[in-house]
Amino acid sequence: MDVTDTASWVVLGRSAGDAVAVHLDADGAEVRRERIALTALPGRVREIEASAAPRWVWGDTPGWYEPLLAAGVRVARCHDLRLAHAILRWAASVDSAAEVRRSTAWDAAPAVESGPATATLFDLDDEASADGPPSDIAAAESEFVRQRDAVASSTEPSRLRLLLAAESAGALIASEMRAAGLPWDAAEHDRILTRTLGERSAGGTPAHVAAAAARVRAALGDPSLSIDSQPKLLRALHRAGVLVESTSRWELAEQRHPVIEPLLEYKKLARLQSANGWAWLAEWVHDGRFRPVYVPGGVVTGRWASSGGGALQLPRQLRAAVRADEGWTLVVADVAQLEPRVLAAMSSDSALVAAARGRDLYAGIVEGGAIADRADAKIAMLGAMYGATSGQSGRLVPRLRRAYPRAMGLVDEAARIGEDGGVVSTWLGRSSPPPSDGWREMQSRASQVETTSADVDRARRHARDRGRFTRNFVVQGTAAEWALCWLAELRTRLAALPPVSASPAVHSGPAFARHPHVAFFLHDEVIVHTPREHADAAARAVTDAAAQAARILFGDFPIDFPLDIRIDATASKG
DNA sequence: TAGCATTGCGCG
DNA sequence: AAAGCGCGCAATGCTA
């Protein structure tokens, strides 16, 4: 995350079947260039990294870094041109005439396969593969120049530099996490499945699932009902006098009928079976590791997405299957109320900062007197950040508006801008996408003389939808930036820990994974996999990194980001 | 029969 | 059927 340093840059790209490395000084002036056979690339990268520790500039991280990792080579820093382009392309702080806005070849999806397959060694065709950004050296060099110019043209260059460094560090970590994997105890997973779903029988349906299904069919008097078919289930419910409009758990739970209990039970079991059952285990867990595909920057707000394996939806039920290797342990940490804390800092709302002083921000709101109990405080705060207008949440929001006028003013203003078709930005300068042409047309049609009330209603509804999106964008996006800085700082600190004395056996994974490393990340939570002897140091690294992330974003502004942190062999909660 | 939309539910 | 943001995925059923 050192962005103010004077490190040099090395641009990597392809040319006629080889790699080319262009060495630049800190100002971007070319020092020299060298041609490297692809087979020699890992060794050469290792040498350059050891001697110069440059910031590696490449088209996209998975394409370059995953083969390097597979060859046992790790780098400290990079600049991911594709991710940087996606940010600069729309950044409101960048000059509207900047050429980076026109280099559309870089508006590309990441060149990763989404399946559980392993990385292949530089096997991209010279003539650009189906997707992914350009890979040739000339394209990389010219895009890098456009991006440097864009940052220089920005009204907030230092924030943007920080954002690009953090985003790129995230890309390195995502590739490393995929390579290392999350330690997963398949036997424990199997035990959980068998305990919950019942023994697998020859018929295929586990015993408890079959039993729940039988009770549902009996209660509805329909022995051949396909419960998994929503339309059929709905009709059967209606025939039995259960007059629901949907088959969602929320609505069913309000009904009183003998079918409700077994049906909710069936849905719970069927969900576990189809989402994370034995088929999932066989497909996604190998050699004691779950290796999901993380997609940094995959969400418009800057959050990560995932592709394959459902890495971002691991049910709490299965967390006990996350288990450290023999001789190793896990440091599991999550930030308490990240988003409202970020909002307090962004808006310099001293009342909300005061509420955030302790470990529990919602308790702080209660102490401040704005709202009577913690549960309501939480609902109100979420409602304020999401744009609730009705229900319990909507009713409570005005009280927060009175108690925390600056914080609420910030999100209200973001919503107003969004409704008007404007663009909002995060703390470090990631901007929301502009409204679509269709959205604009709808709004202008509604303001013309010949318009119908239906047009007006529809336009207003869509305007409010967009307002809720931009309202949340500034908070969710800035929280994602905080989390990226946390991760990047953590990675650096873990890498600096002394080597493990008697390296405990680790049964799979790349060389760097024999050292404490980040094994999982989910918006506001990290899991570090570490040899036991380094557990305390790793936990300290997690805590120190959080404090440093706060300083990077908000300087000396007095806002804390307390962690719930524990050292344990498994990741199970409570 | 492949591709798309809908429904529902898991996560933050 | 969430009121109120952002996602991914599986199963089903319809359509081209």
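In what follows, every chain begins at residue 1, and chains take the letters A, B, ... in the order their sequences are listed.
- Contact check for A/D568 versus A/L330: no side-chain heavy atoms found under the 4.5 Å cut-off.
- Listed by first and then second residue, the salt bridge (Lys or Arg N to Asp or Glu O under 4.0 Å) pairs involving residues 267-281 of chain A amount to none (not counting sequence neighbours).
- Near DNA chain C, meaning a heavy atom under 4.0 Å away, there are no residues from residues 260-269 of chain A.
- Pairs passing the salt bridge (Lys or Arg N to Asp or Glu O under 4.0 Å) check and including a residue from residues 470-487 of chain A, sequence neighbours excluded, read A/D412-A/R471.
- Here side chain to side chain donor-acceptor pair (under 3.5 Å) pairs that include residues 384-397 of chain A, with residues two or more places apart or in two chains, are A/D376-A/Q392.
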Can you name the atoms? Protein N/O to nucleotides 2-4 of chain C N/O, anything below 3.5 Å, with the distance.
residue, atom, partner, partner atom, Å
C/dA2, N6, A/W250, NE1, 3.3
C/dA2, N1, A/W250, NE1, 3.4
C/dA3, O3', A/S390, OG, 3.3
C/dG4, OP1, A/T389, N, 2.9
C/dG4, OP1, A/T389, OG1, 2.3
C/dG4, OP1, A/S390, N, 3.4
C/dG4, O4', A/A388, N, 3.4

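- Screening residues 227-257 of chain A for ring-ring contact (aromatic ring centres under 6.0 Å, His included), with sequence neighbours left out, gives no hits.
- Every ring-ring contact (aromatic ring centres under 6.0 Å, His included) that A/F469 has, sequence neighbours left out, goes to A/F473.
- Sorted by first and then second residue, the side chain to side chain donor-acceptor pair (under 3.5 Å) pairs involving residues 216-227 of chain A (not counting sequence neighbours) are A/D222-A/R239.
- Between the C1' atoms of C/dA2 and C/dG6, the separation comes to 16 Å (whole Å).
- Going from atom CZ of A/F521 over to atom P of C/dC7 covers 15 Å, rounded to whole Å.
- Computed from coordinates, the A/F290 CZ to C/dG8 C1' distance equals 11 Å when rounded to whole Å.
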If a protein heavy atom is under 4.0 Å from the base, mark B; if only from the sugar-phosphate, S; if neither, -; do that for nucleotides 11-16 of chain C going 5' to 3'.
SSS---
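- B/dA5 sits 24 Å from C/dG4 when the C1' atoms are compared, rounded to a whole Å.
- The nearest whole Å value for the distance from the NE2 atom in A/H523 to the C1' atom in C/dG6 is 8 Å.
- Whole-Å rounding puts the A/L252 CG to C/dA1 P distance at 13 Å.
- When A/W486, A/W304, A/Y294 are each tested for a ring pair (Phe, Tyr, Trp, His ring centres under 6.0 Å) with A/F521, only one passes: A/W304.
- One atom, CZ of A/R466, and another, P of C/dC5, lie 14 Å apart when rounded to the nearest Å.
- Using a 4.0 Å heavy-atom distance criterion, A/L272 is classed as making no nucleic acid contact.
- If you check every strand for non-hydrogen atoms under 4.0 Å, A/R471 touches nothing.
- Pairs passing the ring-ring contact (aromatic ring centres under 6.0 Å, His included) check and including a residue from residues 175-224 of chain A, sequence neighbours excluded, read A/W184-A/H189, A/W184-A/W280, A/W184-A/F290, A/H189-A/W280.
- In this structure, A/R89 forms no cation-pi arrangement with A/W106, as its terminal cationic atom is not both closer than 6.0 Å to the ring centre and no more than 45° off the ring axis.
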Kindly express the pairing pattern of DNA chain C in dot-bracket notation, using | wherever a base pairs with another strand and counting only Watson-Crick or G-U pairs under 3.5 Å.
....||||||||||||
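- In the displayed structure, A/E199 atom CD is contacted under 6.0 Å by at most 12 heavy atoms of other residues, nucleotides or ligands.
- Aromatic rings of A/W427 and A/F554 (six-membered ring for Trp) have centroids within the 6.0 Å cut-off, being under it.
- Think of the region where chain A sits on DNA chain B: with heavy atoms and a 4.0 Å cut, that region ends 5' and 3' at B/dT7 to B/dG12.
- A pairwise comparison of heavy atoms in A/A538 and A/V331 identifies CB-CG2, 4.1 Å as the closest pair.
- As a whole-Å value, the separation of A/Y294 OH from C/dC7 C1' is 15 Å.
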